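Working notes, beginning with the structure itself.
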Amino acid sequence: MATSAIALPQVAQAQESTTDPTATLDAEAIIVTGYRQSLDAAISVKRDSIGAVDAIVAEDIAKFPDQNLAESLQRIPGISIQRDAGEGRAITVRGLGAQFTRVRLNGMETIATSTDGASANRDRAFDFNVFASELFSSIVVHKTAEAALDEGSLGAVVDLNTGAPLRGKTGITAVASAQGRYNDLTKDVDPRLAGLVAWVNEDHTFGVSASVAWSDYTTKELGNNSVRWAQAPFSSVNGETCMSGSNFVTTPSAACIEVAEAFHPRIPRYGLVNHDRERLGATGSIQWEPTEDTKLSVDGLYSRFKENRDEYWGEVLLRSNERTIDVSNYVIDGDNNLISADLDNVYVRTERYHRESETEFYQISAKLEQRLGETLKVNLLAGTSKSQADIPVETTLAYDNRDATGYSYDYTDMKSPLLTFGDEITDPTAFQFAEFRDRPSYLTNKFKTVSGDLDWEVSDDFTMMVGGFYRQFDFATEGYRRDANYCSAFTCAPGTYGAPVTAELSDIFELGDAGQPSGNTNAWIVPNLGSGTDFVDLYSREAVLQQGEQRDVTEKTMGGWFMAQFETEIFGMRMNGNAGVRYAKTKQSSSGFTDGTYVTVKRDYDDFLPSFNVNFFPTDNVIVRGAIAKVITRPTLGSLTPGGSVDQFNFRVSSGNPFIDPYRATTYDAAVEWYFAPGALASVAVFAKDIVSFPISTSLQGTWADSGLPTSLLTEGTPAYNAIVLGQDPNREFEFRTTGNGPGANLKGIELSLQLPFSAFTDGFARNFGVLANLTLVKSDVDYTVAGALAYDPVTNRLTAQAAGDYVQPLLGLAKRSWNGTAYYDDGKFSVRGSIAYRSGYNDSTSGNNNVFEGYGSSLNVDASLRYKFTDYLELSLEGTNLTDNYRYRFTDLAANRNYENNHYGRTFLFGARFSY
């Protein structure tokens, strides 16, 4: 029978010193064969640690509890997740987003990027969907800081540990699993395969292991999207002329002003986003322990994550075209939304988007543990990693009908609008091939590190530790364009704006179940990707480097730390803890284009980070914890560039700031944990973070002239080019976005947690049941200054930006409430689990198009699994995720709660078998 050796004494030792997080499961073993035992092992990790720690332990070799690491992590108190295409991608710890969390693989800090939405992760955040969960044996989450832990986290340090051969049995161990994945939107059955083989010699001094996991699957994302809401004057309202050129007519009517000041959807649309994904992961490990005093480990990890993303949209471009559109039969609601209207002379577009992306991740690390006598131990670690997130193809084809009539929209039901097109929406001859784009981009992260520490066991109750480290992180990205308006690239017939669309250039798209109401238009033509790109010979056109999308950052961090670890008694009560200080010097070099010149800006800064953790044991089963520390998180990489970029369709200029200060904070933690029975825990933890420096995004309104940028940056055929270079609207306002040093913030919260195996109070059949539950409440106050809505100015006869307003809101990405619960039955042969996870809504941006804040609505995800072990070698399983088919709702404007998007991904079921030897 294959088993997983869980070395609880060694877990405790590793967590106390924090110098060897990958030794999490080693040495004296208990046998783990099921879900309940993995919970017991995780509790032991938490109980024996000095800092505030939570853990997840694999049920068995190559058998992690969930299909996705992020989805496992959301079971931990204080952690919630952000999903991409229906699966967990990034985590939030105690209200702090992914950029505030540092992730280590086998003890080495790393950054793994992938693609999300229409862009790559250009941040320090870790993408958990890059790796297959079968490759990992445990996750340990450090919620409090200590001097021996890598700095850079306001939220948590997460240790991901792959399997190590010397933790297993002598001889050969082999595991294989095969699953089928069925989604009720795709109606396909997709494969998921995993395997592991390990060998350990008879002396248990040398071992090797290798594992591999592969899956290939498709997910559909169906729903609607407004691409935000905006204000703008229209050509006419109920038959009254409103515009004269780019200005209002003299003395415009009250209806013209009312409609112009109201917010309307910029690009109302329904559509499909199809995600075709392939994930391949492999690990390898060699361990040699020639004596009890020496252990050498070499670990390697490889992951490849490929996705083809295909989008099919039927939409109306109100954005930038309002001055040609006639409005009638309109309704404006109490939130100043143009909630419904009939529109003529509208700009109808059908859009086909295709993106091919690939992330490859490599890491190799070596660790030496050497004991020098009875009281001294040296630990050395060296490693390097590389992560590439490349998008060699990002293509958009657009077919337009720019004077359509009979269109109407109705957002009375904000989540499920009614969008109605005329009959021409399925007629190719009503459209012209107007625009084509291809925007390849390439992102590379490189990391290398060397570190070492010395542990001196002064006495049985007192240990002194000192260490040093060097890290270098290199970030580079560049983007290219093959964008063109058809008539700027080819000769067009007089009076046309593109090539005639034929049946050979188009397909009929059927929407399917997108949550749309009765009467909605559910079919339209879309560009045929192959014939459309061939028609314009798109991929043979020169790809032009975009200056604003070429950026580089090199960050070198070096320093050292000292920590003392102690155990004693006070007033007859056991007490242990650690105290120390960490010093880090950061040298930063940032490069980017500014006004057409590639410039490099260098800076450096120092941080001294003291920390103190202490635990009291009033009884053997009660722990009272306390911690205080100074911590930092360095600024996001994309914001450090001295250069910028221009969004020529949304009239937005984004620029970086290489002089942003790090997030700096003082953190306070306290907790009471009651281990009232074997495998049982009830706990309450309170925490606070006083963030003294807080980089914040700012947004200002101005004209192109205010930017000082040359008009040569604008691309022919774009709305910005037409407005500025061609002079159609030379005073058109742009939104200017950058990042500055904010005033700081504070955060405080409470975590409640219960782990209750029924064996704690009953015998017989009922003892195989159990529940896990936790609740996190977080409060945060940040002072934001956000631009407000536009209003009609009779002096200038235009819509004019009003003074920015001050708002007190939570940190971006912070949900005030999150909770999850799991009920299970496990008798060692048959097991069943049901889990539910809730996260309240939250803001993720301050503003866009004069909307005040935007973000996501609340989410509720329900998962379940059944397993039956036929023999010691064979187990069958059935799992279901997102069983309620939860929709992801994104809003714009905090008060009005306008629909940004509302999508669903369907229910997913996995069935399979697992073989072990």
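Only a predicted model underlies this, so the values are computations on that prediction, with no experimental measurement involved.
- Ion pair D729/R798 flagged as a salt bridge, since at least one NZ, NE, NH1 or NH2 atom sits closer than 4.0 Å to an Asp/Glu carboxylate oxygen.
- Of all heavy-atom pairs between N520 and L511, the closest is ND2-CD2, 4.4 Å.
- Y539 and T395 are linked by a side-chain donor-acceptor pair at a separation below 3.5 angstrom, with hydrogens and angles left out of the test.
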Report all side-chain donor-acceptor pairs from residues 893-900 shorter than 3.5 Å, counting only partners two or more places apart or in another chain.
{"from": "D893", "atom 1": "OD1", "to": "V852", "atom 2": "N", "distance (Å)": "2.9"}
{"from": "D893", "atom 1": "OD1", "to": "R898", "atom 2": "NH1", "distance (Å)": "3.4"}
{"from": "D893", "atom 1": "OD2", "to": "A895", "atom 2": "N", "distance (Å)": "3.2"}
{"from": "D893", "atom 1": "OD2", "to": "A896", "atom 2": "N", "distance (Å)": "2.9"}
{"from": "R898", "atom 1": "NE", "to": "N337", "atom 2": "OD1", "distance (Å)": "2.4"}
{"from": "R898", "atom 1": "NH1", "to": "N851", "atom 2": "OD1", "distance (Å)": "2.7"}
{"from": "R898", "atom 1": "NH2", "to": "D335", "atom 2": "O", "distance (Å)": "3.2"}
{"from": "R898", "atom 1": "NH2", "to": "N337", "atom 2": "OD1", "distance (Å)": "3.4"}
{"from": "N899", "atom 1": "OD1", "to": "E901", "atom 2": "N", "distance (Å)": "3.0"}
{"from": "N899", "atom 1": "ND2", "to": "N224", "atom 2": "OD1", "distance (Å)": "2.8"}
{"from": "N899", "atom 1": "ND2", "to": "M414", "atom 2": "O", "distance (Å)": "2.6"}

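- Scanning for ring pair (Phe, Tyr, Trp, His ring centres under 6.0 Å) contacts around Y598 gives F593, with sequence neighbours left out.
- Listed by first and then second residue, the ring-ring contact (aromatic ring centres under 6.0 Å, His included) pairs involving residues 308-347 are Y312-F509 (not counting sequence neighbours).
- Side-chain polar atoms of N401 and E424 form a donor-acceptor pair below 3.5 angstrom.
- With no hydrogens or angles considered, a side-chain donor-acceptor pair links E478 and Y480 at under 3.5 Å.
- In this structure, CD on E261 lies 11.5 Å from SG on C256, to the nearest 0.5 angstrom.
- In terms of heavy atoms, L799 sits closest to F248 at N-CE1, 4.2 Å.
- Salt-bridge check for R439 with E549: failed, with every basic side-chain N at 4.0 Å or more from each acidic carboxylate O.
- Salt bridge status for E854 with R228: present, with a side-chain N to carboxylate O gap under 4.0 Å.
- Remark: T241 engages V249 in a side-chain contact (heavy atoms from CB on, under 4.5 Å) (not counting sequence neighbours).
- Side-chain polar atoms of N522 and E510 form no donor-acceptor pair below 3.5 angstrom.
- Checking S531 against D534 by side-chain atom types alone, no donor-acceptor pair falls below 3.5 Å.
- Scanning for side chain to side chain donor-acceptor pair (under 3.5 Å) contacts around Y807 gives an empty result, with sequence neighbours left out.
- In terms of modelled atom types and a separation under 3.5 Å, the side chain of T521 and the main chain of F421 share a donor-acceptor contact.
- Among residues two or more places apart in sequence or in another chain, the ring pair (Phe, Tyr, Trp, His ring centres under 6.0 Å) test is passed with Y270 by none.
- Ion pairing of E435 with R349 is present here, as a side-chain N (NZ or NE/NH1/NH2) and a carboxylate O approach within less than 4.0 Å.
- Between the side chain of N321 and the backbone N or O of R319 there is at least one donor-acceptor pair closer than 3.5 Å.
- Scanning all heavy atoms of the two residues, the minimum distance from N485 to S488 falls at O-OG, 2.7 Å.
- Checked against a 6.0 Å centroid threshold, the rings of F234 and H264 count as neighbours.
- Smallest separation of non-hydrogen atoms from R482 and P440: NH1-CG, 4.0 Å.
- Taking the centre and axis of the six-membered ring of Y497, the NZ or CZ atom of R402 falls inside the cone set by 45° and 6.0 Å.
- The six-membered or imidazole ring of Y842 lies near that of Y856, with a centre-to-centre distance under 6.0 Å.
- Of the possible donor and acceptor atoms, one in the side chain of N225 sits under 3.5 Å from a partner among the backbone N and O of V227.
- With salt bridges taken as basic N to acidic carboxylate O contacts below 4.0 Å, none links E394 and R437.
- A donor and an acceptor atom, one from each side chain of N528 and S506, are nowhere located under 3.5 Å apart.
- No donor-acceptor distance shorter than 3.5 angstrom exists from the side chain of S226 to the backbone of I267, with no hydrogens or angles considered.
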Item checked: Step-by-step salt bridge (Lys or Arg N to Asp or Glu O under 4.0 Å) determination, E311 to R352 -> CA-CA 6 Å; E311 302 182 12; R352 180 71 166 86; over 6 Å; no
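- Of the possible donor and acceptor atoms, one in the side chain of Q231 sits under 3.5 Å from a partner among the backbone N and O of L790.
- K415 forms no cation-pi arrangement with Y887, by the criterion of a distance under 6.0 Å to the ring centre and an angle within 45° of the ring axis.
- Annotation: the span from D400 atom CG to E315 atom CD amounts to 8.5 Å, rounded to 0.5 Å.
- Between the side chain of D344 and the main chain of A404, no donor-acceptor pair closer than 3.5 Å is present.
- Under 3.5 Å, the side chains of D326 and S236 contain a donor-acceptor pair of N or O atoms.
- Taken to the nearest 0.5 Å, the CG atom of D342 stands 11.0 Å off from the OG1 atom of T405.
- A donor-acceptor pair under 3.5 Å links the side-chain atoms of T350 to the main chain of I525, judged by distance alone.
- Checked against the 6.0 Å centroid criterion, the rings of F853 and Y784 qualify as a close aromatic pair.
- Closest non-hydrogen pair, D507 versus P527, comes out as OD2-O, 4.3 Å.
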Next item on the list: Step by step, work out the salt bridge (Lys or Arg N to Asp or Glu O under 4.0 Å) result for R309 and E356.
Entry: CA-CA 7 Å; R309 178 186 178 104; E356 299 174 10; over 6 Å; no
